[in-house]
Amino acid sequence: MTFHEQIALYSAKEQTKLISALKWAEKDLPRAFETANILIELNADAETLIAALLFSRESCSPAVIEEHFGKTIAGLVEGVVRIAEVSFKDNAHGEAEKIRNMLLAMAQDIRVILIKLADALALLRLPDRIPKEKRRLSARECLDIYAPLADRLGIAWIKAELEDLSLKQLNRKVYQQIKEIVARKRDARNEFLAQIQEKIRREAADLGIDIEVSSRAKHFYSIYQKMRKRNKTTGELFDLFGIRIFCGGLETCYTLLGMAHRLWKPLSGRFKDYIAMPKANGYQSLHTTVMTDSGEPLEIQIRTREMHHIAEYGVASHWLYKHSEERVRPVDIAIVNRLRTWNLQEAEGSGSASFLEDIQRELLKDSIYVFTPLGKVVELPAGSTPIDFAYSIHSEIGDHCMAAKANGSIIPLSEALQNTQVVEIIISSAARPHINWLRIAKTAKARNRIRSWLQRYDSVIIEKNVIAKKKPAQDLRTKEPEHPPVQQVLPPSETLQVTVEDQQNLMIRFALCCRPVTGDPIVGYISRGRGIIVHRRNCGNLKNIPDFDARKIHIEWADAASALITRFKIEARAAGNLFSEIERAVRNYRGHLVEGRLDETSNSRMTGFFTMQLERSEDVKKIIKNIRRIPAVLSIQSLPVSQD
């Protein structure tokens with residue numbers, strides 16, 4: 001179908017503008033055309049299509065676009081360009097900046113994000129449009145940002161295709177293996193699924209229910225994730241296909257569920273009711289897994305036709321731009337509504353890594369749904385604790401939280417909540433936030449409130465991602481230097497212990513400019529409201545701090561042995577449980593993983609970089625030997641602590 005045929009349903013005036021915009025996009029026509037095609041499938045309005053055709057034209061200034069196409073389209077183009085101009089460098093700063101820009105753009109006009117999602121998918125469909133060295137970064141960006149964002153917006157088919165094409169770029173060998181196994185099993189499975197579908201149709205006809213039944217192959221990336229989580233090969237996977245049943249009404253969905261369970265035995269723990277408890281993106285469906293007569297498990301999804309439309313197109317399912325003037329307001333979209341409670345000002349002031357972690361956990365990852373004792377549903381990011389639940393109800397409830405119950409049983413405040421639990425918070429007027437709550441809390445709202453309370457009532461120094469410690473009794477009124485050196489913040493649980501003028505456990509930060517490590521001669525600098533900055537005594541940056549002499553403080557290592565830091569690199573075969581095995585090997589000798597990262601390479605191998613903290617230097621060799629014994633590990637190499 002030609003572009004002119006695709007835009008036939010738009011008004012004559014809109015078609016004229018679209019054709020004009022298409023001519024402007026000739027510099028990168030395949031990419032612009034593919035982006036527009038994706039947006040047409042999403043029922044996008046003419047303004048969105050025009051902006052999608054124009055944003056890649058670098059020579060067009062906002063003023064020129066506004067003159068020819070209007071202020072609204074110029075604003076859309078500017079929003080997309082603002083996102084695109086932040087290069088993804090596979091680091092926390094670049095990723096956090098891009099997400100910040102997207103969130104701000106989304107709050108203004110959701111169409112900006114739809115254009116960027118369509119563009120990301122278009123580039124993966126046309127990999128030759130991206131230089132070879134940037135393809136993997138682009139694919140990683142799609143997996144980390146755009147696919148989760150498409151999921152939160154409820155656009156299932158874009159999420160699935162982004163993930164599949166990203167997998168193809170990042171691990172082509174595994175992609176081809178999954179493709180071959182799915183193709184190889186397709187003929188045998190089609191016959192099996194045809195019998196299942198016919199049985200469902202006959203049973204529904206006997207009940208007088210009008211239904212549609214279809215089978216589906218699970219998309220490749222979901223199969224890949226299942227292989228990793230269950231540590232299985234493609235040959236060991238059987239549930240590669242599923243059945244979907246579409247009907248006319250909500251009550252009918254439950255009737256069909258009962259029918260399916262009469263036909264086949266349901267598997268325990270494999271039923272999910274997303275109709276009674278919809279996902280945050282609006283997704284509704286009944287999911288059940290049954291054991292068929294042939295002894296194979298089969299997933300069945302049951303939903304109304306309207307639910308299916310929303311499941312595939314999410315927020316775009318409400319867009320009838322070509323037929324009305326209706327617009328989707330940002331406040332009507334769950335993910336944007338979550339942003340209304342998100343303290344963007346606080347996020348802007350945080351470290352990039354912290355902000356990125358919060359966003360990915362709270363907005364781009366899975367949610368759980370728990371109940372109050374009165375039956376109210378509360379959505380929280382997966383891994384949330386009773387502390388997070390308490391603060392989500394009310395700040396005063398959080399501030400005076402003493403204990404918690406889940407399904408009637410007392411649980412620790414640090415325990416991760418589970419889906420569908422009934423959670424009750426026990427409060428006391430004597431209870432108050434504690435420093436350790438900063439480690440327990442997972443949501444930004446809870447952590448921000450805890451920090452605020454401690455700063456106001458507990459006379460402590462608070463820093464993002466650093467546990468608050470007792471303030472030093474020094475005069476902090478001296479003016480802060482205008483250009484302080486760049487510093488590195490260690491996560492709370494990994495803050496090294498030092499002695500500061502005979503006091504221990506004060507909050508400290510280690511200067512990135514000179515990277516002091518255990519045993520180095522060090523000196524402290526009291527910064528205003530940010531704790532004590534630790535430098536090497538011979539650091540060249542000290543002479544650039546105007547008031548250093550007035551604010552310096554004697555500081556020394558409390559126990560060099562207890563703060564021994566070492567780094568290592570591993571090469572290994574791809575394995576789903578490798579990270580946990582390495583962590584276990586470190587813990588066996590009272591070590592602690594400060595940080596760790598595993599990246600997959602294209603040849604089914606993994607490369608990892610880890611930093612660990614030990615009590616005794618003699619344990620280093622034991623831990624290295626312990627890690628070397630892990631079956632998947634091929635080699636291990638020690639690295640200098642100061643190495644990036």
Side-chain angles (χ1 to χ4, degrees), residues 231 353 357 412 414 435-436 438-440 465-467 469 487-500 502-512 514-522 524 532 534-537 555-600 605-644:
N231 200 22
E357 181 184 348
S414 59
I435 285 174
N436 286 338
L438 289 177
R439 291 193 181 119
I440 296 171
N465 289 331
V466 177
I467 286 295
K469 307 290 196 309
Q487 292 137 358
Q488 178 185 34
V489 181
L490 294 182
S493 57
E494 288 83 38
T495 301
L496 299 182
Q497 190 180 73
V498 297
T499 296
V500 182
D502 299 325
Q503 296 187 62
Q504 290 192 349
N505 290 332
L506 299 177
M507 189 195 74
I508 60 171
R509 288 153 56 92
F510 293 90
L512 186 60
C514 56
R515 297 180 181 275
V517 296
T518 306
D520 288 339
I522 51 177
I532 298 168
V534 181
H535 290 265
R536 294 180 192 243
R537 285 192 177 275
I555 189 169
E556 61 187 26
W557 299 108
D559 183 354
S562 67
L564 179 63
I565 298 292
T566 185
R567 298 191 72 223
F568 60 90
K569 172 185 177 182
I570 66 126
E571 298 288 343
R573 288 185 293 272
N577 60 344
L578 180 57
F579 195 101
S580 60
E581 288 191 14
I582 291 173
E583 187 176 27
R584 191 180 306 114
V586 173
R587 283 203 313 267
N588 284 344
Y589 290 93
R590 292 174 293 184
H592 173 69
L593 273 187
V594 175
E595 61 177 350
R597 174 173 179 168
L598 280 171
D599 291 316
E600 289 186 322
R605 292 288 187 267
M606 304 184 86
T607 299
F609 293 89
F610 297 87
T611 303
M612 60 182 175
Q613 182 173 328
L614 306 172
E615 292 184 6
R616 302 178 304 178
S617 58
E618 57 265 31
D619 288 336
V620 174
K621 291 183 178 180
K622 296 176 183 178
I623 291 177
I624 295 296
K625 186 177 180 180
N626 210 13
I627 293 172
R628 193 173 281 121
R629 288 174 179 167
I630 297 172
V633 173
L634 300 174
S635 66
I636 183 167
Q637 172 189 356
S638 295
L639 298 175
V641 173
S642 60
Q643 181 172 329
D644 284 330

Can you give me the closest heavy-atom contact between A572 and L578, atom names plus distance?
CB-CD2, 3.6 Å
Enter the distance from K569:NZ to S638:OG here, rounded to the nearest 0.5 Å.
12.5 Å
Please answer whether the main-chain N or O of A511 pairs with a side-chain N or O of R536 as donor and acceptor at a distance below 3.5 Å.
no
Quick one: CD on Q637 to CD1 on I624, what's the gap to the nearest 0.5 Å?
10.5 Å
Go through F610 and I627 one step at a time and tell me if the side chain to side chain contact (heavy atoms under 4.5 Å, CB included) criterion holds.
CA-CA 12 Å; F610 297 87; I627 293 172; over 6 Å; no
If every non-hydrogen atom of I440 is compared with every non-hydrogen atom of S414, which pair is closest and at what distance?
CG2-CA, 3.7 Å
Donor-acceptor pair, side chain of R573 and main chain of R605, under 3.5 angstrom:
no
What pairs with K621 under salt bridge (Lys or Arg N to Asp or Glu O under 4.0 Å), at least two apart in sequence or on another chain?
none
Does T607 have any side-chain hydrogen bond (donor to acceptor under 3.5 Å, both in side chains) partners at least two apart in sequence or in another chain, and if so, which?
E571
How long is the gap from CD1 on I623 to CD1 on I582, to the nearest 0.5 Å?
12.0 Å
